[in-house]
Every structure is written in structure tokens, then in C-alpha cells.
**Student:** 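For reference, the structure I am asking about is given below.
Just so we're on the same page: letters track the sequence lines, and every chain starts at 1.
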Number of protein chains: 2
Amino acid sequence: MSEVQKERTKRADAVRNKDAIIDAALTCLSDDPGASMSEIARVAGVGRVTLYGHFADREELVGAVFARTMDRAAAELAAVDIKQDTWKCLRDLVQSSWRVLYQFNSLLAAAEPYLSAEQIRAHHDKPLARVIAVLEKGRSEGTFRTDQSLTWQGACFYSILHSAAAEIRAGRLTEDDAARVLPATIRALLIPPADPAP
Amino acid sequence: MSEVQKERTKRADAVRNKDAIIDAALTCLSDDPGASMSEIARVAGVGRVTLYGHFADREELVGAVFARTMDRAAAELAAVDIKQDTWKCLRDLVQSSWRVLYQFNSLLAAAEPYLSAEQIRAHHDKPLARVIAVLEKGRSEGTFRTDQSLTWQGACFYSILHSAAAEIRAGRLTEDDAARVLPATIRALLIPPADPAP
DNA sequence: GATTACTCAAACAATTATGTTCAGGTTACC
DNA sequence: GGTAACCTGAACATAATTGTTTGAGTAATC
């Protein structure tokens with residue numbers, strides 16, 4: 001006897017609604033990690049009961065949103081060709097990922113009560129790995145400074161991306177300006193110091 | 001008729017408890033902006049009713065904590081002698097303020113539902129002003145790069161401080177390491193770029 | 001066009017946090 | 001040492017959120 005369940009093809013509106021809910025949850029939770037299920041359903045344009053029809057409880061929904069976001073981030077980062085010039089590589093990394101990576105903080109706050117530290121760490125490490133890989137490449141070439149830990153440089157990388165997103169949201173920076181200033185700032189963080197510190 | 005109220009000297013244990021409550025609130029809210037009044041009272045080692053005896057409601061407590069923290073930050077920043085060497089000045093700024101300034105984010109999240117945007121802005125601008133002042137000093141001397149906006153550089157400054165505090169809390173950085181790596185990182189952000197960007 | 005999956009609003013119980021009241025017990029202060 | 005200020009736990013009302021059930025309506029699919 002086969003264990004394979006016959007896969008009922010889900011109805012079109014059902015999958016559409018489920019997607020809408022995840023999208024809405026991403027929006028709401030990025031804005032406020034404590035956003036209520038009602039709020040998310042409202043933004044998704046869907047009844048509250050429908051939401052619970054697709055996700056058993058808050059934990060399941062938050063988990064789905066968190067996982068999808070991390071997967072997307074990992075995919076975008078993985079698409080960067082690591083063989084090209086290191087600076088170009090870094091620029092691509094910034095360009096392709098700052099929009100999605102900046103949500104990490106609020107989303108993490110929403111997921112924290114449900115996921116174990118190791119689970120969070122596992123999800124987090126996947127996108128971080130690509131960044132670290134580029135950092136290591138730059139180090140081995142002598143392009144990047146080596147007097148600070150990889151961990152610290154990685155943290156600063158994320159931090160600056162997040163800062164840009166926050167400034168944009170607050171209306172103090174435009175997306176075009178961000179595209180210009182971000183690579184320059186990251187570059188400043190990583191380039192070897194020219195003169196000895198005073 | 002004088003409008004002056006006769007100031008009843010508060011009992012010693014009363015002021016002690018009130019201080020303990022504010023301290024506990026600072027700790028709890030930094031950790032979780034949504035921390036409950038019960039939790040705060042527990043950490044303060046005080047009954048919940050006592051807490052409500054000193055602060056009418058959550059808004060009043062959060063307001064008090066937020067105001068005190070901003071005042072302390074402003075005081076610490078104001079204590080930095082702006083006439084000395086710019087790099088030393090910056091180092092002092094970092095040294096004296098990263099411990100208190102990093103709480104800004106979580107505290108802000110706790111205060112956001114109660115304070116208007118202008119009130120928050122007003123509190124925020126006070127400590128920021130000192131940072132901006134030093135940035136401007138460095139610019140006029142030609143010590144700092146001028147191809148990025150003051151706003152952006154200020155945001156990055158805060159962002160890096162916050163990042164260091166987060167890394168310490170996560171156990172990936174020691175306080176001693178932070179004291180070493182922070183000034184170097186801030187310096188890298190602000191020093192004029194040596195060679196043209198590729 | 002019939003069936004069935006899906007949706008919805010309303011009403012439900014359970015939980016949690018807020019803010020208040022009360023009655024009795026301490027303790028600082030004069 | 002007496003008084004008033006202060007603290008306390010318990011109990012209460014209120015409100016918001018979570019997750020479930022119901023029963024009827026709608027629309028995608030065959």
C-alpha cells in the first residue's frame with residue numbers, strides 16, 4: 001500500500017488567498033512584530049476565519065513568513081556570481097539584498113517566541129554564509145581589511161543595510177540615494193585603513 | 001496668594017521604590033518593548049499596586065523611562081569636550097555613549113504608541129545634536145569625508161553603536177573588544193576615501 | 001449546471017494585560 | 001511611641017487577542 005497521499009489540487013482562490021495572507025503578514029510583522037491576526041487578515045482582504053483555515057495558529061503563520069523571507073534572501077544572495085571582481089561582487093550583494101534583508105530584525109522579533117535559538121540561527125546562517133564568503137574572498141585577495149573579525153564585519157554589513165531601510169521608511173533618504181550611498185559606505189567599512197590610527 | 005504647593009518630603013522608601021521601578025522598567029523595556037507592568041513590578045521587587053501608586057498608567061511610566069534615558073544620553077554627550085582633537089572627540093563620544101544610546105531602539109518602540117512623532121523627534125534630536133556637531137567640526141577641518149549627507153552619517157553612527165550592543169548581548173563580542181573595534185569602525189566610516197571608487 | 005471546496009460574519013470560550021478598589025499590615029518619620 | 005504615609009496580596013471590572021464553532025453563502029472546478 002502506497003503511503004503517497006493523493007494531492008488534491010487546491011482551488012485557485014485558496015492559493016491566492018494563502019499568498020495574500022503571507023504577503024500581508026510580511027508587511028504587518030515588518031512594521032510591528034506584535035501585529036494581531038485580525039490586522040493581518042484585514043490587510044490581506046480576507047476574513048479572520050479564512051486565515052485560520054490556512055494556518056492553524058499564529059506560530060504556523062509566523063513560521064511560514066519567516067521561512068519564506070529567509071529562503072528568498074538566500075536565493076537572492078546565492079544568485080550573486082562570486083567569481084567576478086570582489087568589489088563588483090559586494091555591490092551586487094548589497095544591491096540584490098538590502099530590500100529583503102532589512103526586514104530581518106522585526107521579523108526575528110516576531111518569530112523569537114516560537115522558534116528555538118538553534119532554528120533561528122540555522123535560518124540566519126544561510127543568507128549570512130554568502131556574505132561571509134565574499135568577505136573571505138576579499139581578505140584572501142588582500143582587498144579587505146583583516147584587523148577586525150568576520151563576525152563583526154558581517155554584523156556591520158547587516159546593520160548598515162537595515163539603517164538604510166529605516167532612513168527610507170522615515171523619509172530621510174530616497175531609494176536612489178540609498179543605491180548610491182550604500183556601496184560607498186560598505187566599501188569604507190571594508191577597505192584597509194590607509195594611515196595608522198592616531 | 002502664592003501658587004507654590006508645599007512640597008511634602010516624600011518618604012525614603014517611596015523614592016527608593018520609584019527609582020527601582022524606573023530602573024526595572026529600563027531593563028525590561030530594553031529587552032522587550034512589550035514587557036508587562038507585572039513583569040516590571042516583579043523585577044523591581046515591588047507589588048503591582050505600588051507601581052500604580054507611583055505611575056498612573058503605562059504611558060506615564062514609559063514616558064518617565066524614555067525621558068530619563070534621553071536626558072542621560074544628552075548629558076553624557078554634552079560632557080564631551082568638543083574643543084579637543086576631532087578624532088579624540090569622536091572616540092570620547094563613542095566611549096561615553098554607546099552603552100546608553102543602544103537602548104534607543106527598543107525604548108523607542110515602547111514609547112511610540114504614546115508619544116507623538118514630534119515629541120519623539122524632540123527627544124531624539126537632543127542627543128543627536130552633539131554627534132552632528134562633531135561631524136560638522138570634522139568636516140570643516142577637512143578631517144571627515146563630505147560626499148555623504150550628515151543625516152546618513154549620523155544614522156550610521158547610531159547603527160554601528162547599536163550593532164555592537166547587540167553583538168555583546170548575543171555573546172559574540174566582549175566589551176573590551178567593542179571598546180577597541182568601535183572607534184576603528186566609526187573612523188572608517190568618516191575618513192575621506194583615499195583612492196577613487198572603482 | 002451540479003458539486004464541493006472555500007469563504008464569511010457572528011458568536012463563543014479561554015487567556016492575558018490593564019487599571020482600580022479594599023482591608024490589613026509595615027515602617028519611616030516627628 | 002503614635003501617626004500618617006506607604007506597601008501588600010487578593011479580588012474585581014474591562015478590554016483585547018487568540019483560536020474554535022456554526023450555519024449559510026459563493027464560486028471554482030468537473
Side-chain angles (χ1 to χ4, degrees), chain A residues 5-25 27-66 106 109-115, chain B residues 5-66 106-107 109-115:
Chain A
Q5 297 288 80
K6 81 160 133 180
E7 321 192 337
R8 321 261 309 182
T9 45
K10 284 221 153 199
R11 248 173 59 176
D13 56 346
V15 302
R16 207 181 330 125
N17 278 337
K18 190 165 181 175
D19 281 352
I21 291 170
I22 297 190
D23 284 343
T27 303
C28 294
L29 295 175
S30 299
D31 202 60
D32 170 21
S36 75
M37 301 292 264
S38 309
E39 171 84 1
I40 294 173
R42 200 182 53 74
V43 171
V46 132
R48 210 163 59 90
V49 183
T50 303
L51 192 158
Y52 279 104
H54 288 291
F55 302 93
D57 50 21
R58 179 168 243 266
E59 175 170 357
E60 202 172 303
L61 174 59
V62 170
V65 174
F66 188 70
S106 356
E112 224 152 31
Y114 306 117
L115 302 181
Chain B
Q5 297 288 82
K6 82 162 135 179
E7 321 192 338
R8 321 263 306 185
T9 44
K10 284 221 154 202
R11 248 173 59 175
D13 55 347
V15 301
R16 208 182 327 127
N17 278 336
K18 189 164 182 176
D19 281 351
I21 290 170
I22 296 191
D23 284 343
L26 179 57
T27 303
C28 294
L29 295 176
S30 300
D31 202 59
D32 170 21
S36 74
M37 300 292 265
S38 309
E39 171 84 3
I40 294 172
R42 199 183 52 75
V43 171
V46 134
R48 209 163 60 89
V49 184
T50 303
L51 192 158
Y52 279 104
H54 287 291
F55 301 94
D57 50 21
R58 179 168 243 266
E59 174 169 356
E60 202 172 303
L61 174 59
V62 170
V65 174
F66 187 70
S106 351
L107 229 43
E112 223 152 31
Y114 305 116
L115 302 181

**Student:** Can you measure A:L51 atom CG to D:dT17 atom P for me and round it to whole angstrom units?
**Tutor:** 14 Å
**Student:** Mind checking the CG-OH spacing from B:L61 to B:Y114? Nearest 0.5 Å is all I need.
**Tutor:** 9.5 Å
**Student:** Restricting to non-hydrogen atoms, name the atom on A:A24 and the atom on A:I40 that form the minimum distance, rounded to 0.1 Å.
**Tutor:** CB-O, 3.6 Å
**Student:** Taking all atoms of both residues into account, what is the closest heavy-atom pair of A:C28 and A:E39, and its distance?
**Tutor:** SG-CG, 4.1 Å
**Student:** Quick check: closest heavy atoms across A:V46 and A:L51, and the distance to 0.1 Å?
**Tutor:** CG1-N, 4.1 Å
**Student:** Between A:V43 and A:D23, is a side chain to side chain contact (heavy atoms under 4.5 Å, CB included) present by the stated rule, with each step listed?
**Tutor:** CA-CA 9 Å; A:V43 171; A:D23 284 343; over 6 Å; no
**Student:** So how far off straight is the helix from C:dG1-D:dC30 to C:dC30-D:dG1, going by the axes through five pairs at either end, to 10°?
**Tutor:** 30°
**Student:** I need the minimum non-hydrogen distance between B:Y52 and B:D57, along with the two atoms involved.
**Tutor:** CE2-CA, 4.3 Å
**Student:** How close or far is atom C1' of C:dC8 from atom OH of A:Y52, stated in whole angstroms?
**Tutor:** 16 Å
**Student:** Measure CG/B:D19 against P/D:dC7 and give the value in whole Å, please.
**Tutor:** 12 Å
**Student:** Would one find a side-chain N or O of B:H54 under 4.0 angstrom from OP1 or OP2 of D:dC7?
**Tutor:** yes
**Student:** Nearest-nucleotide wise, let me know which of B:A56 and A:T50 is further upstream toward the 5' end of DNA chain C.
**Tutor:** A:T50
**Student:** About how many Å separate CG of A:D32 and OG1 of A:T27, when rounded to the nearest 0.5 Å?
**Tutor:** 12.5 Å
**Student:** What is the per-nucleotide protein-contact pattern of nucleotides 11-17 of chain C, from the 5' end, where B denotes a base atom under 4.0 Å from a protein heavy atom, S denotes such proximity for sugar-phosphate atoms only, and - denotes neither?
**Tutor:** B-----S
**Student:** Can you tell me how far apart CD1 (A:I21) and NE2 (A:H54) are? Round to the nearest 0.5 Å.
**Tutor:** 5.0 Å
**Student:** Within this structure, what is the CD1-to-P distance between A:I21 and C:dC6, rounded to whole angstrom?
**Tutor:** 12 Å
**Student:** Which pair of heavy atoms, one from B:L29 and one from B:S106, lies closest together, and at what distance?
**Tutor:** O-CB, 3.5 Å
**Student:** Across nucleotides 24-30 of chain D, 5' to 3', mark each nucleotide with B, S or - according to how protein heavy atoms within less than 4.0 Å reach it.
**Tutor:** ---BSS-
**Student:** Need to verify one output field. Residue with the more 5' nearest nucleotide on DNA chain D, A:D57 or B:G47?
**Tutor:** B:G47
**Student:** For the residue pair B:R48 and B:S38, what are the closest heavy atoms and their distance?
**Tutor:** CD-OG, 3.3 Å
**Student:** Distance check needed: D:dA16 P versus A:R42 CZ, whole Å only.
**Tutor:** 15 Å
**Student:** Between A:N17 and C:dT7, does any side-chain N or O lie under 4.0 Å from OP1 or OP2?
**Tutor:** yes
